[in-house]
Every structure is written in C-alpha cells, then in structure tokens.
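This report concerns only the one structure given below.
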Amino acid sequence: MHDIKWIRENPEAFDAAMSMRNADITAARLIDIDAERRRLMTEHQELLARRKTISGDIGKAKKNGENADDLMAEMGGLKDRIKAAEDGQAALNEQLDLLLMSFPNILDASVPKGADEDENVEMRRWGTPAEFAFSPAEHFDLGEKLGMMDFATAAKLSGSRFVILRGQLARLERALAQFMIDLHVNEHGYEETTTPMLVKDDAMFGTGQLPKFAEDSFKTTNDMWLIPTSEVTLTNQVAGDIIDVASLPLRYTALTQCFRSEAGSAGRDTRGMIRQHQFSKVEMVSIVDPDQSDAELERKTKCAEEVLERLGLPYRTILLCSGDTGFSAMKTYDIEVWLPGQGRYREISSCSNTGEFQARRMNARCRAQGDKKTRFVHTLNGSGLAVGRCLIAVMENYQQADGSIKVPEALLPYMGGLAEISATK
RNA sequence: GGAGAGAUGGCAGAGUGGUUGAAUGCACCGGUCUUGAAAACCGGCGUGCCUUUACGGGUACCCAGGGUUCGAAUCCCUGUCUCUCCGCCA
C-alpha cells in the first residue's frame, strides 16, 4: 500500500520506483484522482458544516416555539447535494485505494537491478557439499524405498501434490519442526505462537495476498482463506494497533501448515515433496521500530541460517534482484540449501523486510512515550525454515549407500536417540 | 443448532433523538506546594482526514455497514464479535 501524500510530493521518485518493478502506473494518474477526491471532500465538509449549523438553529427555534420553516426548506436542498458529494467521494476513495493497494512495494536502495532470478546476487556460502562414493538419490527415491514416503496413497485421498509420511520419516519431520521452534524460542528471542490457519479477507489484504493473488490461495465455502503462510496470522496480530515503541521489537514464531494452490506452477517440481499444496513451515515474524528494520532483516536471515548450520546442511544466501523480489517486500534474502540428489541449491527460506508496506495496509502504528505522532511500524517475515524442504535436505545430505539416512546430531534428542533411519527399523 | 444479553475514550462506567468527542472515577502527562516523595489543588490527556507558511479552522469516528429524521452514541435493519443457558461435539 502506498502513501498518496508521499506520491504527491515525490512523483518522480514514485515513477522511478514503479518502473524498477515493471509496474504499469504513474504518479500523475494517481495525483489526478487524488486532486478530484480532495476537491469533493472539501465541498462535502462545507455542506456538512452548513447542515450542522442549520439543524442547531432548528433545534433552538423549536425550543423557543418559533417558526423554522425557512430553515427546513434550506435543509431540503442541502440533502441531495450532501448525498451527491458523499457518493462521489466514496467512489473516488475506493478507486484510489484499490490502485494504491495493487502496486508492489518500493525496493530498498540496496536491491540490485535485474530482470529475473538469474540476476540475483549471491552473498555468502556455508558448508561444503559432501562427496558421495555413490550416486546420491533424490529424496522421493530414498523415501519410497524406505517405505516411509507414500505419494500414491496421498493421491488417492487428495490428488497430486500431497504426501503421506510414515514411521521414522514422519517422526523426523516432527523432530525438525520441534528443533527449529526450540532454537528460535530459546536462543533467538521469538515468542512461540500457535495461530488460526483459516482467516478472513482483512488479514489477507493486510499482508498483501489480496487483492492481487487470490488465485494462489484456497478459499472456503464460507469465505475464509487457508493461510499460505503463518506470516499472515503472525503479522496481522498487530493490525489496527498503536504500539508503544518501548515494547518493540515483537518477535513471533509459529509452526503451521501452509496451503497453496500452486496455480501457474503446473509441471514444475511435480515429483516428490518439493512443491506441495500443503506443507508445514516454521515462520519468524518481527514487528519493529521503523529505524530498526534493516538490522532486523540481517538478524532474521542469520536466525534462519543458524538452523541449517546446526543441521550441518550446506547453503548459500542470495539477495534477490528487483525482478525477483516479491510484491510486499522491499528487500529479500533467499537461503538455498544444497540438495545432492538434484545436484543444486534449492530455496528453503525467504526473509523479507516489507518496511511500512504491510503496516500501512493493516494500519499498525507505534508511538514513543510522550510523543504525539504515530509512525507505521515495519514488519518482517522469514521462514525458519520450510520443514518439508528441510526434511528433503536432511534425507539427501545424510543418505548412505544402502539407502538409509543418518540422523543429524542436533536432532538426536528429538528422535529419542535414534541415529539412523533404515527400512528395517 | 435453539433461547437470551451485550459491544461507548488506556481501563471502569454514565448517557435513549437537539451545541455530546461524549459526564464521572481510575490510570497517565505537566504545574503549584514540599528538603524529596506522597497527599492535596490546578491544567492537560483519543484517532484519521481536509484546509492553513504558521497560529488556527473544518469534518468524521461511541463494533461495522445500511436506513429513518431538519438533526442519531441515542430509533430501525443487516453483519461481526463477546457473554449466559440448553443441545451437540474433538
């Protein structure tokens, strides 16, 4: 959501920012609508002021038993004009809001220019991909051979892009999630949260899934949405609030299921559990003082990287270029984990600073003690991590020649000491 | 699912059609007093938008959206949420 006042004052900057995003809008168009909107608004207010005066006079006249017919007559004429001004104003407001809601966030100055993912910039790498004495398998081959990853039965229930995990593999997924939550809560200062997974329209507008991306999510028959990420619920907690700056930052983490229609990705990642309609993810959301969001993005990214380091999974961190940065974000780091079976790095986390973009939509503000002015908070979100993809990464990186999988040391406490997952177990 | 009650400022709580953005109390902020603090007293104390160089002025908001009326926190309708009782239920 953009600030029309700012656009009015910085039209060239807005146009430059939008062209960076390939967004088809100009400040001039918005300013025209805004000018007419404000003209009507002023007119409307003047009419209301007149109405207030007259009705007060009528009240007085009646009290004194005087005749108020001429005042009543003037009021009759006012009514229609007020209604007209009101309707015109409402229409323009709606038109302007919808436009302001429909265009992507302005990018941070540090975001590199680029057309697509090929122009993302690698920031750093951690770990060295292991050498295998055999040809490493992909996760679905490993899982099916173990008899613990069952796509066929899931398809019977729900169609494609679903999976059933069994036995120790199901437990491994649970262990991963627990491990992540514990790390973020005990060492990274996030508050553990469980949230609804069904939300109303407002929440989806607040974080930017609506109005543009309705087709990416699932909607229920009673007009609710299955959350595509708990960023939606965690972030929208502060919608409409005015928060004391002293209580910031707020850091929340949650383990939830995420639901995505994957409309438009037909044919991509059709095998295995890389891309599912439903997956579990540990999310990290921060609500921060507007001056702190740059630092918080670095911190959050590090929190996500820490998960991989503790698990001994090689990764690289990438700064997304202008063409690859998502709608709501002003800056995004993707973390990609090494998958030996695929022989390449795949996205496992995405950490974004949305600045005040979401806060403006949600009307979430903060104020310093004794200060009269409010400011919009900044909101950030990051996966920490996608549990399903992390399971894949563990399987592929810790696979052994016989198809068994070693359990990473960090997960041993969560696996009841089980050190290896194999078909005989 | 059935029956009922309710939603007012940070909190509590008045207000059932006329100058009410809204009494009162508490909390909070500033001041007087005090060696300091407390108490007492005085003053202040919501959010947004429009307008103005500024001081200021205007307007809207008493859950949300419609309606009645010259005029709505107050009357009517719809929705949302909360609470109580019954039924059902993990």
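Note: hydrogens, waters and symmetry copies are ignored here, and every other heavy atom, side chains too, is used. Below, chains carry the letters A, B, ... as their sequence lines are ordered, and counting in each starts from 1.
Using the Watson-Crick or G-U wobble rule with both distances under 3.5 Å, B/G30 pairs with B/C42. Pairing of B/A90, defined by two Watson-Crick or G-U wobble distances under 3.5 Å, is not identified with any nucleotide. Pairing for B/A60 is with B/U47, a Watson-Crick or G-U wobble pair whose two hydrogen-bonding atom distances lie under 3.5 Å. Summarising the base pairing, B/U84 is matched to B/A3 through a Watson-Crick or G-U wobble pair whose two defining distances lie under 3.5 Å. Of the nucleotides present, none pairs with B/U68 by Watson-Crick or G-U wobble criteria with both distances under 3.5 Å. In this structure, B/A23 makes no Watson-Crick or G-U wobble pair, since no nucleotide meets both defining distances under 3.5 angstrom.
No option in A/Glu231, A/Gln358, A/Glu356 other than A/Gln358 meets the side-chain hydrogen bond (donor to acceptor under 3.5 Å, both in side chains) test with A/Thr379.
Within the nucleic acid shown, A/Lys5 comes within 4.0 Å of sugar-phosphate atoms alone, with no base atom in reach, counting heavy atoms only. Backbone-only engagement by A/Arg8 is indicated by non-hydrogen atom pairs under 4.0 Å involving sugar-phosphate atoms exclusively.
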Run the ring pair (Phe, Tyr, Trp, His ring centres under 6.0 Å) check on A/Phe162 and A/His277 step by step: do they pass? CA-CA 6 Å; A/Phe162 289 93; A/His277 287 307; 5.4 Å; yes
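A/Ile4 places its CD1 atom 10 Å from the P atom of B/C50, with the value rounded to the nearest Å. Atom CZ in A/Arg360 sits about 17 Å away from atom P in B/U47, given to the nearest Å. Put simply, CG on A/Asp3 is 13 Å from P on B/G48, counting in whole angstrom units.
Here the two rings, on A/Phe103 and A/Phe327, have centers that are 6.0 Å apart or farther.
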List every contact pair, protein side and nucleotides 55-60 of chain B side both N or O, where the distance is under 3.5 Å.
residue, atom, partner, partner atom, Å
B/G58, N2, A/Gln45, OE1, 2.9
B/G58, N2, A/Gln45, NE2, 2.9
B/G58, N3, A/Gln45, OE1, 3.3

I'd like a table of atom pairs between the protein and nucleotides 74-83 of chain B - only N or O on both sides, under 3.5 Å - with the distance next to each one.
none

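With no hydrogens or angles considered, a side-chain donor-acceptor pair links A/Lys300 and A/Tyr190 at under 3.5 Å. Between the side chains of A/Asn353 and A/Ser293, a donor-acceptor pair is found at a separation under 3.5 Å.
Checked by atom type and distance alone, the side chain of A/Arg389 never pairs as donor or acceptor with a backbone atom of A/Ser349 at under 3.5 Å.
The side chain of A/Lys79 has B/C70 as its nearest neighbour among B/G48, B/C70, B/C49. Taking the side chain of A/Arg365 as heavy atoms from C-beta on, and the options B/C70, B/G48, B/C50, the nearest nucleotide is B/G48. Among the nucleotides B/U47, B/C70, B/G67, the one closest to any side-chain atom of A/Met75 is B/C70.
Of the two residues near RNA chain B, A/Ile242 and A/Gly76, the one whose nearest nucleotide lies more 5' is A/Ile242. Both A/Thr42 and A/Glu86 lie near RNA chain B, and the one whose nearest nucleotide falls closer to the 5' end is A/Thr42.
Every residue two or more places apart in sequence or in another chain that forms a salt bridge (Lys or Arg N to Asp or Glu O under 4.0 Å) with A/Glu36 is listed here: A/Arg39. Evaluation of the salt bridge (Lys or Arg N to Asp or Glu O under 4.0 Å) rule for A/Asp34 yields A/Arg8, A/Arg37, A/Arg38 as partners, not counting sequence neighbours. Qualifying ring pair (Phe, Tyr, Trp, His ring centres under 6.0 Å) partners for A/Tyr252, counting only residues two or more places apart in sequence or in other chains: none.
The shortest side-chain heavy-atom distance between A/Leu30 and A/Thr26 does not fall under the 4.5 Å cut-off.
For the pair A/Thr374 and B/G48, the criterion of a side-chain N or O lying under 4.0 Å from OP1 or OP2 is met.
Interface residues of residues 87-98 of chain A facing RNA chain B, ordered by number: none; criterion, heavy-atom separation under 4.0 Å.
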